[in-house]
Structure formats: structure tokens, C-alpha cells
Amino acid sequence: WDTYILMSDGSQRQIGQLKDGDEIMTINPETLQISPSRIHSYFSRTTQSHGKGVFRITSISGRTIVSTGDHPFLTQEGMITVSNLDINRHLLAVYNHKVEFEAIESITPEEDCLVCDFTTDNDNHTMISAGFCTSNCGLIKAKAVTAKVTIDRDDALVLEYIKDKI
């Protein structure tokens with residue numbers, strides 16, 4: 001509810017304050033290009049009614065995000081849902097115009113809470129949430145599309161490609 005989303009004008013707004021028609025920044029997980037997109041089909045509900053686990057992800061820099069288990073995050077291996085993440089993964093992190101893959105320090109269960117989600121007009125369905133690249137829940141195709149993001153590419157090449165896009 002209180003996770004900050006990067007808006008197209010560079011500001012950040014809590015996801016609980018978004019509404020249909022707002023414009024956020026997205027990252028194409030295949031090309032790693034950043035572009036604005038309007039949102040629609042915004043909703044909020046309790047995680048208890050959603051029936052999915054809730055987890056707090058903390059990176060080695062101390063950044064945190066609370067997410068349901070079915071939310072995919074962009075990692076070095078492509079999009080991976082929270083329920084399949086572990087501390088051996090690195091998430092694509094965006095902060096102060098700096099982009100890097102950041103190690104996960106911990107993933108811990110959270111209490112039921114209010115969560116929000118939406119769909120983007122962009123086909124990539126991503127958002128920059130609390131500085132991490134994540135996607136809408138349940139977008140299985142995101143895994144298939146992004147599987148090739150890091151195949152035959154090292155971190156330096158990926159970071160070089162996207163560093164000036166933000």
C-alpha cells in the first residue's frame with residue numbers, strides 16, 4: 001500500500017495513491033529500455049482475500065519492498081516470482097539514476113496487509129517499485145520474454161545498456 005512507484009515525471013508516489021490514467025515508468029525486460037506508460041485496472045485488496053503469501057525482500061543496501069509471492073521481479077536470470085526468489089539472486093535496482101543488480105539479503109514472511117496492483121498500457125507490464133523492477137502478478141509470459149535478457153550478456157553489458165535510460 002505504501003510502496004513508492006516511479007512516475008513518468010521522475011517523482012515517486014505511493015502505490016495506494018495511484019489511480020487509473022496515471023503515468024509511470026516501465027522497463028522493457030527484453031530490451032531494458034525505459035519508457036512511460038499509463039496504468040489501468042487499478043485495484044487494492046487484502047492479502048488474506050488474495051490467498052497469496054506476503055514477503056518482505058531486503059537488499060544488501062537495506063532497501064525493502066513488501067510483495068505477494070506471485071509478483072515477478074527482474075533478476076539476472078530474468079523475471080522470477082517472489083515465491084521462487086532466494087538470497088543467491090540479484091534484483092535489478094534503480095536508484096538516483098543508477099542501475100545495478102543488487103543482492104538479496106533476506107526474504108521474510110509478512111502479516112496479511114492491503115496490497116495494490118494495476119495493468120500498464122505497455123506490453124511489458126513492469127513498474128519501478130521501491131527502486132526494483134517488478135511486474136504485474138501472474139504474468140507468466142514475462143518469464144518467457146525475459147529469460148533471454150541475460151543469456152550471453154554479463155552484468156557490465158546489461159548495466160552499460162540501461163544506465164543512460166533512467
Side-chain angles (χ1 to χ4, degrees), residues 1-6 12 14-16 24-34 44-96 98-120 123-163 165-166:
W1 178 258
D2 58 358
T3 297
Y4 282 91
I5 305 296
L6 182 61
Q12 295 192 43
Q14 289 179 316
I15 194 169
I24 65 164
M25 293 306 291
T26 66
I27 297 176
N28 182 312
E30 184 176 348
T31 66
L32 302 179
Q33 291 183 335
I34 296 173
S44 63
R45 62 180 168 199
T46 64
T47 53
Q48 187 174 24
S49 68
H50 183 54
K52 303 288 183 184
V54 182
F55 301 89
R56 176 176 298 275
I57 302 169
T58 304
S59 70
I60 59 167
S61 71
R63 283 187 240 172
T64 64
I65 185 169
V66 175
S67 179
T68 55
D70 59 347
H71 248 64
F73 280 74
L74 187 55
T75 72
Q76 291 168 303
E77 295 83 23
M79 287 291 203
I80 298 177
T81 60
V82 172
S83 59
N84 290 311
L85 285 175
D86 58 50
I87 60 170
N88 297 313
R89 308 277 186 192
H90 291 73
L91 302 177
L92 183 70
V94 180
Y95 190 72
N96 285 338
K98 185 178 178 185
V99 178
E100 61 190 4
F101 285 100
E102 193 168 300
I104 297 172
E105 181 175 281
S106 64
I107 303 171
T108 55
E110 283 285 304
E111 298 291 321
D112 285 328
C113 61
L114 186 63
V115 293
C116 308
D117 203 358
F118 50 81
T119 300
T120 62
D123 287 339
N124 66 53
H125 300 287
T126 63
M127 63 191 98
I128 300 171
S129 307
F132 299 108
C133 179
T134 183
S135 184
N136 297 54
C137 293
L139 292 177
I140 301 304
K141 78 171 192 171
K143 273 189 165 181
V145 168
T146 62
K148 65 181 179 178
V149 167
T150 57
I151 294 173
D152 299 325
R153 296 182 188 172
D154 62 22
D155 285 356
L157 179 61
V158 172
L159 294 174
E160 180 65 28
Y161 181 81
I162 59 177
K163 74 178 182 180
K165 308 285 189 228
I166 297 179

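Because only heavy atoms are used, hydrogens play no part in the values below, and waters and symmetry mates are left out as well, while side chains stay in. We count residues from 1, following the sequence as given. Because the structure is a prediction, the values reported are computed rather than measured.
Qualifying side chain to side chain contact (heavy atoms under 4.5 Å, CB included) partners for I60, counting only residues two or more places apart in sequence or in other chains: E102, A103, E105. When the side chain to side chain contact (heavy atoms under 4.5 Å, CB included) test is applied to F55, the partners found at least two apart in sequence or on another chain are V82, I107.
Nearest approach of S135 to H71, heavy atoms of both residues: O-CD2, 3.2 Å. The heavy-atom pair separating M79 from L74 by the smallest distance is SD-N, 3.5 Å. G16 and C116 get closest at one heavy-atom pair: CA-SG, 4.0 Å. Residues R63 and A93 approach most closely at NH1-CB, 3.2 Å, considering heavy atoms.
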Criterion side-chain contact (heavy atoms from CB on, under 4.5 Å) on Q12 and T3, from CA distance to verdict: CA-CA 9 Å; Q12 295 192 43; T3 297; over 6 Å; no

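Side-chain atoms of T75 come within 3.5 Å of backbone N or O of G78 as a donor-acceptor pair.
Rounding to the nearest 0.5 Å places CG of L92 at 5.0 Å from CZ of F101. To the nearest 0.5 Å, the span separating CD1 on I34 from CD1 on I128 amounts to 5.0 Å.
For CD1 of I87, the number of neighbouring non-hydrogen atoms (other residues, nucleotides, ligands) closer than 6.0 Å is 12 at most.
No option in I104, I57, N84 other than I104 meets the side-chain contact (heavy atoms from CB on, under 4.5 Å) test with R89.
Side-chain contact between C113 and V54: present, with at least one pair of heavy atoms (C-beta onward) separated by less than 4.5 Å.
Counted by atom type alone, S106 and T108 present zero donor-acceptor pairs between their side chains at under 3.5 Å.
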